[in-house]
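Reading through the structure tokens given below for one structure.
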Amino acid sequence: MSSLLDNLNPEQLAAVTLPSQHALILAGAGSGKTRVLTTRIAWLIQTGNASPNGLLAVTFTNKAAKEMLTRISAMLPINIRGMWVGTFHGLCNRLLRAHHRDANLPQLFQILDSQDQLAAVKRVLKAMNVDEERFPPRQVAYFISAAKEEGKRPRDIEVTDEFTRRGVDFYSAYDEQCQKEGVVDFAELLLRSFELLARNEPLREHYQARFRHILVDEFQDTNRLQYRWLRQLAGRDNTLFAVGDDDQSIFRFRGANVGNMAEFEHDYKVQNVIRLEQNYRSHGNILAAANALIAHNSRRLGKNLWTAAGEGEPIRVFEAASDGYEAAWLVEEVQALSREGMAYRDMAILYRSNAQSRIMEHALFSNGIAYRVYGGQRFFDRVEVKHALAYLRLLANPDDDGAFLRIVNFPTRGIGARSIEQLQDAALAASSSLYKAVPSVPGKAGTSLGAFVRIIETLREETRDLPLPEVVGALLEKSGLLAHYQSERDGADRVENLGELVNAAAAFVQEEGEGDLATFLAHAALESGENQAGEGTDALQMMTVHSAKGLEFHAVFITGLEEGLFPHEQSVMEDDGLEEERRLAYVAITRARTRLYLSFAQTRLLHGQTRYNIASRFLDEVPDGLMKWLTPRLGSALSQEPAWQPQAAAPRSSQKDPGHGFRIGQSVAHAKFGQGVIVSAEGSGKDARLQVNFGRQGMKWLALEYAKLVPV
DNA sequence: AATCCGTCTATTTTT
DNA sequence: TAGACGGATT
């Protein structure tokens with residue numbers, strides 16, 4: 001018993017052992033937030049205050065949810081499988097599956113990700129003959145999602161202008177289409193389950209009686225609807241335990257409402273507000289910088305982090321003449337750290353926007369440094385995977401017109417736009433889904449469509465009793481998808497990804513202990529598949545500041561600290577925009593444990609134009625005494641003196657490569673293609689791929705591992 | 001159905 | 001500058 005509470009500081013202990021009352025835990029960066037949350041759960045169970053079934057714990061990411069479950073099961077010998085620990089979307093999905101009838105959904109309803117949603121909106125607009133110039137689908141999709149996240153249906157929206165008026169129409173039509181097709185988007189998952197509980201009193205009371213303790217992670221990121229959802233489940237008698245940090249609220253543009261923290265305190269007359277202010281992550285100087293910076297924000301709940309660790313090293317500041325030099329300097333610094341014994345995986349390069357990563361990747365690659373970029377294309381988002389999933393979706397739910405349209409002619413089977421039009425007319429007349437309307441289409445169009453339906457039906461027959469991975473395998477064969485990509489010139493990657501999908505299905509069955517198709521599809525929609533390969537390798541980490549939230553590294557490089565970039569020029573216009581940028585900088589700084597670098601460049605190539613930026617105001621907001629300038633402190637980035645020059649040649653050209661022996665511009669020979677020259681490269685280590693110009697043989701992308709290139 | 005070509009537009013994005 | 005997209009062309 002005592003071991004559970006060992007080594008907690010007084011505030012953590014207080015939070016963990018709070019009586020059953022509402023609580024707001026203001027947990028600063030690196031203050032042991034997850035630990036408090038999980039220990040609280042373990043403590044509640046161990047002391048008999050709650051049963052595993054009586055708990056509801058909500059997070060934003062699957063990763064956080066998984067981490068929580070892992071830690072809980074390490075602390076307690078209980079079966080975590082039945083526990084309601086998950087993301088808002090995951091839990092809502094669970095709720096709606098269990099009560100699909102009450103929620104007015106088909107049992108096998110499908111989930112649309114943002115891409116699918118956009119496609120669905122486009123179909124609605126097309127059907128309504130809307131001018132996409134005046135009403136861009138993206139904006140309409142955003143309008144709909146935003147409305148849902150405010151908890152609003154079309155009839156609840158106050159119409160003030162033309163766009164809103166039409167937007168409401170589109171929203172209605174879109175909802176109708178989704179309902180007909182048996183699909184729900186992300187926001188709908190939440191709104192639908194909220195409405196379900198609001199409408200259905202017995203059900204609401206059932207869950208309220210069950211979840212005596214509701215715990216929320218990253219509370220500052222909740223939107224209005226999520227807060228209402230929580231309040232509804234909490235009812236009058238249950239306790240809400242919310243953990244969050246207003247200083248780390250960086251997702252306002254996605255609907256997050258920091259105000260929920262103050263509202264929660266007010267709505268529930270929260271007596272227990274506990275501040276976790278001891279930081280266990282960063283050295284003193286780093287923390288002091290973070291504190292000084294964030295102090296420039298108004299409207300804070302107030303909190304000051306401190307650490308028992310010493311001051312540590314000063315924060316290193318670097319001014320580069322250009323983005324290219326910044327990258328070249330990074331390479332040298334990273335190599336120096338590596339020589340000192342730091343692993344690459346313990347270093348992170350952070351940037352404000354994704355576009356910045358390229359030049360740094362180039363420099364790293366040219367120097368043979370393994371790196372890994374986070375937040376790129378995710379597995380389940382790839383076209384070929386989405387195509388395959390669409391077949392599965394159609395198997396599970398023939399009414400899914402979105403899935404139908406995606407694959408009816410892919411791979412091509414002679415079903416053109418005219419056939420589709422005829423089919424759509426028929427479907428409209430019969431008010432049925434496209435799939436079901438196929439038999440009523442006459443003539444040649446009917447035959448080719450019929451052939452498609454037969455493929456699906458055969459597939460359905462033949463896979464009825466097969467385990468999930470084999471279903472996927474059969475689909476890949478019978479649909480012709482695999483053959484299609486196998487015969488495509490650059491299809492090797494895609495073929496591999498399709499094979500990976502079979503593996504994903506197998507892994508899913510193994511982990512979840514069930515092989516239900518609809519559950520797998522929900523999994524694919526809700527977990528975009530971030531846990532890709534390459535996690536074990538020692539690679540430098542690169543990501544945007546947003547995706548760094550929740551992580552920590554020994555050494556952190558915050559790059560591109562320039563006015564216009566960070567803070568971003570678009571944010572400075574919005575109200576509260578600058579403060580959010582500052583919070584972003586705060587998050588970035590607090591990722592660092594022992595060493596922190598801040599860098600900026602005098603010139604930067606953006607959108608094909610050279611831009612001259614001045615140093616970010618955030619640099620001025622960090623006290624001078626904490627910083628050590630690696631370049632002469634010039635005061636302004638616009639000074640006439642060129643800043644640092646790399647020891648090696650110009651950064652954009654080729655450099656020596658100790659890692660894999662190849663560099664851009666190098667001549668190489670290939671067994672089949674003959675001689676060529678390396679023009680570009682991506683990835684690193686085992687995953688490295690080189691683009692080689694073989695002259696007459698053309699341009700080829702080659703995997704370094706297999707290509708057996710010889711330098712000439 | 002595939003390819004080409006001009007036009008447009010460039011934050012962040014847990015689900 | 002580069003990529004994504006839509007429309008026109010073959």
Side-chain angles (χ1 to χ4, degrees), chain A residues 58-67 86-93 111-118 122 132-133 136-138 142 145 148-149 184-191 217-218 220-223 225-226 248-256 323 350-359 374-378 380-381 383 409-417 484 488-489 522-530 543-551 560 564-574 577 580-581 583-585 587-588 604-611 652 680:
Chain A
V58 202
T59 65
F60 274 85
T61 64
N62 294 299
K63 201 172 153 203
K66 230 173 260 166
E67 161 109 16
T87 63
F88 278 101
H89 295 86
L91 295 171
C92 286
N93 176 48
I111 299 168
L112 303 184
D113 65 22
S114 330
Q115 255 183 64
D116 301 329
Q117 188 200 16
L118 186 62
K122 280 184 182 164
E132 297 200 350
E133 295 272 275
R138 306 192 75 92
Y142 178 80
S145 293
K148 288 186 179 181
E149 282 166 7
V184 298
D185 60 42
F186 284 144
E188 183 74 22
L189 281 173
L190 277 152
L191 184 51
D217 190 18
E218 306 276 18
Q220 78 280 356
D221 288 339
T222 51
N223 62 34
L225 179 57
Q226 286 160 338
Q248 291 188 71
S249 158
I250 54 173
F251 283 105
R252 203 184 45 132
F253 69 95
R254 282 279 283 99
D323 49 353
L350 308 184
Y351 35 84
R352 174 64 239 268
S353 63
N354 285 308
Q356 288 167 248
S357 79
R358 179 165 307 170
I359 192 164
Y374 282 76
Q377 256 249 340
R378 295 166 197 237
F380 289 113
D381 287 343
V383 243
N409 196 33
F410 194 94
T412 48
R413 36 180 84 89
I415 301 173
H484 172 86
E488 210 183 54
R489 282 189 310 284
H523 166 86
L526 293 174
E527 288 208 37
S528 32
E530 191 39 82
M543 65 197 84
T544 63
V545 180
H546 281 94
S547 31
K549 197 178 77 165
L551 305 176
L565 199 64
F566 197 180
H568 200 280
E569 54 197 352
Q570 311 243 26
S571 319
V572 183
M573 322 283 279
E574 304 160 19
E580 178 137 325
E581 294 288 308
R583 291 193 288 271
L584 207 45
V587 167
R604 186 175 293 276
L605 207 57
L606 196 66
H607 309 327
Q609 280 177 324
T610 306
R611 307 219 333 186
R652 276 174 208 279
S680 67

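Just so it is clear: chains get the letters A, B, ... in the order the sequence lines come, proteins before strands, and each one is counted from 1.
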Atom-to-atom span, CD of A/Glu580 to P of B/dT11 - whole angstrom: 16 Å
Atom of A/Lys148, atom of A/Leu225 and distance for their closest heavy-atom approach: O-CD2, 3.1 Å
Gap separating the CZ atom of A/Arg252 from the CD atom of A/Glu574, nearest 0.5 angstrom: 5.5 Å
Pairwise distance CG(A/Leu565) to CZ(A/Arg352) - rounded to 0.5 angstrom: 8.0 Å
Under-4.0 Å side-chain N/O to phosphate OP1/OP2 contact, A/Thr59 with B/dT14: no
A/Gly90 vs A/Ser571, nearer the 5' end of DNA chain B by closest nucleotide: A/Ser571
Whole-Å distance separating the CZ atom of A/Arg352 from the C1' atom of B/dT13: 11 Å
Euclidean distance, atom CZ of residue A/Arg138 to atom C1' of B/dC8 [Å, nearest integer]: 13 Å
Nearest heavy-atom neighbours spanning A/Gly90 and A/Leu526: CA-CD1, 4.0 Å
Closest to the A/His89 side chain, choosing from B/dT13, B/dT15, B/dA1: B/dT15
DNA chain B: 5'-proximal contact among A/Ala525 and A/His607 (nearest heavy atom): A/His607
Touch class at under 4.0 angstrom, heavy-atom based, for A/Glu132 against every strand present: nothing
Touch class at under 4.0 angstrom, heavy-atom based, for A/Glu574 against every strand present: base
Short side-chain N/O contact to B/dT11 OP1/OP2 from A/Arg254, under 4.0 Å: no
Sugar-phosphate only, base, or nothing, as touched by A/Gly255 at under 4.0 Å among non-hydrogen atoms: nothing
Spacing of the C1' atoms in B/dT12 and C/dC5 (rounded, Å): 23 Å
Touch class at under 4.0 angstrom, heavy-atom based, for A/Phe88 against every strand present: nothing
A/Ser114-A/Gln117 side chain donor-acceptor pair, cut-off 3.5 Å: no
Sugar-phosphate, base or nothing in reach of A/Arg413, heavy atoms under 4.0 Å: nothing
B/dT12 OP1/OP2 closer than 4.0 Å to side-chain N/O of A/Asn354: yes
Chi-based syn or anti call at B/dT12, which uses purine or pyrimidine torsion atoms and a 90° bound: anti
Interatomic distance where NE2 belongs to A/His568 and C1' belongs to B/dT11 [whole Å]: 4 Å
Separation of B/dT14 P from A/His546 NE2 (nearest whole Å): 10 Å
OH (A/Tyr142) with more than 12 external heavy atoms under 6.0 Å: no
Sugar-phosphate only, base, or nothing, as touched by A/Asn93 at under 4.0 Å among non-hydrogen atoms: nothing
Per-pair stack call A/Phe253 and B/dT12, 5.5 Å, 30°: yes
Euclidean distance, atom CZ of residue A/Phe380 to atom C1' of B/dT15 [Å, nearest integer]: 14 Å
Touch class at under 4.0 angstrom, heavy-atom based, for A/Asn62 against every strand present: sugar-phosphate
Value in whole Å for how far the P atom of B/dT12 lies from CG of A/Asp221: 17 Å
